[in-house]
Amino acid sequence: MEEKVKKRRSRIRIMQALMFGIIMFLFFQVEDFVEVIFTKGDVYEIRREMPLGVTNGQEINVLYINGENYGDADVNEYMLLDENGETDLKYCALMHQAKGLSYSILLGAMLIVAIVIANSAIDASPFTHKNANRIRLIGVLQFALAIVPGLVRFLMCFFKFQYSNAELDVNGFYMFAIAFAIMTLAQVFDYGVKLQEDIDSIA
Amino acid sequence: MIIIRLDRVMADRKISLNELAEKVGMTNVNLSNLKTGKMKGIRFETLDAICKVLDCQPGDLMEYKS
């Protein structure tokens with residue numbers, strides 16, 4: 001009995017630690033986003049460089065902020081021009097961060113709901129109305145994951161540069177398929193709840 | 001309609017809900033629900049255990065009324 005209680009407590013602690021980790025990750029993502037907002041525009045720079053170890057003359061665009069390397073810069077993300085024919089690297093970085101942040105928030109929310117479901121199923125049956133609704137919520141968040149980050153980038157780009165593009169690629173269809181599968185699972189869970197209620201009503 | 005007469009047999013045998021639940025291996029909640037007719041059914045295994053503890057017949061525990 002004591003072992004069971006110990007095991008249960010350790011599982012709860014692991015889940016609490018996971019939740020804390022997700023929340024801290026989201027916090028740091030928000031911190032990065034806020035940092036970009038308050039950084040001056042003139043510290044952003046795109047340099048053409050040869051990657052390390054490459055000798056064939058291949059060059060890539062690299063984003064530098066305050067002289068620090070911040071990784072590869074996609075030309076479609078950072079070379080957009082406004083109506084005056086000028087680029088705004090800070091706004092491009094903000095767009096990139098905003099897209100990443102919206103991905104992180106939605107993914108984090110999905111993981112937290114999944115942890116709550118797993119937590120509720122430690123000592124009791126997982127087939128409850130609340131869990132069925134939580135699975136439905138994960139499906140909705142998955143749909144949002146397929147749409148929102150792209151939409152955020154699209155709108156921010158359109159607002160500043162009077163131009164924007166969006167594409168529905170295989171990844172988008174894949175996310176929609178996953179969302180559909182999750183919603184179907186929620187329906188299966190609804191049936192599981194009915195079965196559970198039937199079993200619980202038999203002594 | 002099946003009416004559960006478990007409370008009568010329990011009173012005759014002078015056994016409490018907690019004691020019966022412990023001997024049968026059920027939770028108090030489930031046994032209380034059974035006693036008050038909130039359950040939709042009963043397993044033979046449970047019926048067997050209750051009859052053993054209360055030393056009665058299954059027919060003593062339930063009654064049919066149309």
Side-chain angles (χ1 to χ4, degrees), chain A residues 1-19 112-139 181-203, chain B:
Chain A
M1 182 72 172
E2 261 187 47
E3 242 183 74
K4 237 184 174 179
V5 171
K6 272 186 191 169
K7 220 176 175 181
R8 184 178 178 273
R9 276 191 194 149
S10 73
R11 280 177 79 176
I12 289 173
R13 275 196 206 113
I14 288 168
M15 292 197 187
Q16 284 172 346
L18 275 170
M19 258 208 212
I112 286 171
V113 174
I115 288 170
V116 168
I117 293 172
N119 211 18
S120 74
I122 285 178
D123 273 339
S125 167
F127 293 107
T128 60
H129 286 294
K130 275 187 180 171
N131 278 348
N133 288 335
R134 283 170 187 147
I135 290 176
R136 213 164 273 119
L137 176 62
I138 292 176
I182 292 170
M183 293 302 241
T184 308
L185 185 67
Q187 276 198 304
V188 170
F189 238 75
D190 280 335
Y191 186 70
V193 169
K194 281 185 192 160
L195 289 177
Q196 186 66 58
E197 281 172 352
D198 273 346
I199 287 171
D200 287 345
S201 65
I202 295 173
Chain B
M1 192 173 127
I2 300 286
I3 298 167
I4 302 294
R5 299 295 185 200
L6 180 60
D7 49 347
R8 277 191 200 167
V9 182
M10 280 171 65
D12 285 344
R13 303 290 188 270
K14 293 183 178 57
I15 187 169
S16 69
L17 188 81
N18 288 343
E19 202 182 329
L20 182 61
E22 198 184 322
K23 286 182 178 176
V24 165
M26 279 174 79
T27 60
N28 289 358
V29 173
N30 273 357
L31 192 60
S32 173
N33 286 339
L34 179 64
K35 195 163 76 96
T36 53
K38 287 177 187 168
M39 291 296 204
K40 285 182 186 171
I42 183 168
R43 291 187 186 87
F44 286 130
E45 191 185 13
T46 309
L47 190 58
D48 179 60
I50 293 174
C51 288
K52 201 178 264 180
V53 171
L54 296 177
D55 188 27
C56 65
Q57 291 294 313
D60 299 334
L61 297 172
M62 46 195 103
E63 187 184 317
Y64 173 75
K65 264 190 179 171
S66 56

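All figures in this text were calculated on a predicted structure; none of them were measured in a lab. Letters A, B, ... are given to chains in the order of the sequence lines, protein chains preceding strands, and every chain is numbered from 1.
Shown here is A:R8, whose CZ atom has no more than 12 heavy atoms of other residues, nucleotides or ligands within 6.0 Å. Within 6.0 Å of atom CD in B:E22, 12 or fewer heavy atoms from other residues, nucleotides or ligands are found, so the atom counts as exposed in its surroundings.
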ask   = Should A:M183 and A:R136 be marked as a side chain to side chain contact (heavy atoms under 4.5 Å, CB included) after you check the CA-CA gap, both sets of side-chain angles, and the distance that decides it?
value = CA-CA 6 Å; A:M183 293 302 241; A:R136 213 164 273 119; 3.9 Å; yes
Side chain to side chain contact (heavy atoms under 4.5 Å, CB included) between A:V116 and A:M19, worked out = CA-CA 9 Å; A:V116 168; A:M19 258 208 212; 3.5 Å; yes
message = Evaluate B:L6 against B:L20 for side chain to side chain contact (heavy atoms under 4.5 Å, CB included), listing each step before the verdict.
response = CA-CA 11 Å; B:L6 180 60; B:L20 182 61; 4.2 Å; yes
request  = Output, in order, the C-alpha distance, side-chain angles, deciding distance and verdict of side chain to side chain contact (heavy atoms under 4.5 Å, CB included) for A:I135 and A:I182.
outcome  = CA-CA 7 Å; A:I135 290 176; A:I182 292 170; 4.0 Å; yes
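For the pair B:R13 (side chain) and B:D55 (backbone), a donor-acceptor distance under 3.5 Å is present.
Between B:D60 and B:L54, every side-chain heavy-atom pair lies at or beyond the 4.5 Å cut-off. Contact annotation: the side chain of A:N133 never approaches that of A:L137 to less than 4.5 Å [non-hydrogen atoms, C-beta and beyond].
Contacts between residues 185-200 of chain A and chain B, counted as heavy-atom pairs separated by less than 4.5 Å, involve A:D198, A:I199, A:D200. Of residues 23-45 of chain B, those residues lying under 4.5 Å from chain A by any heavy-atom pair are B:M26, B:L34, B:M39, B:K40, B:G41, B:I42, B:R43.
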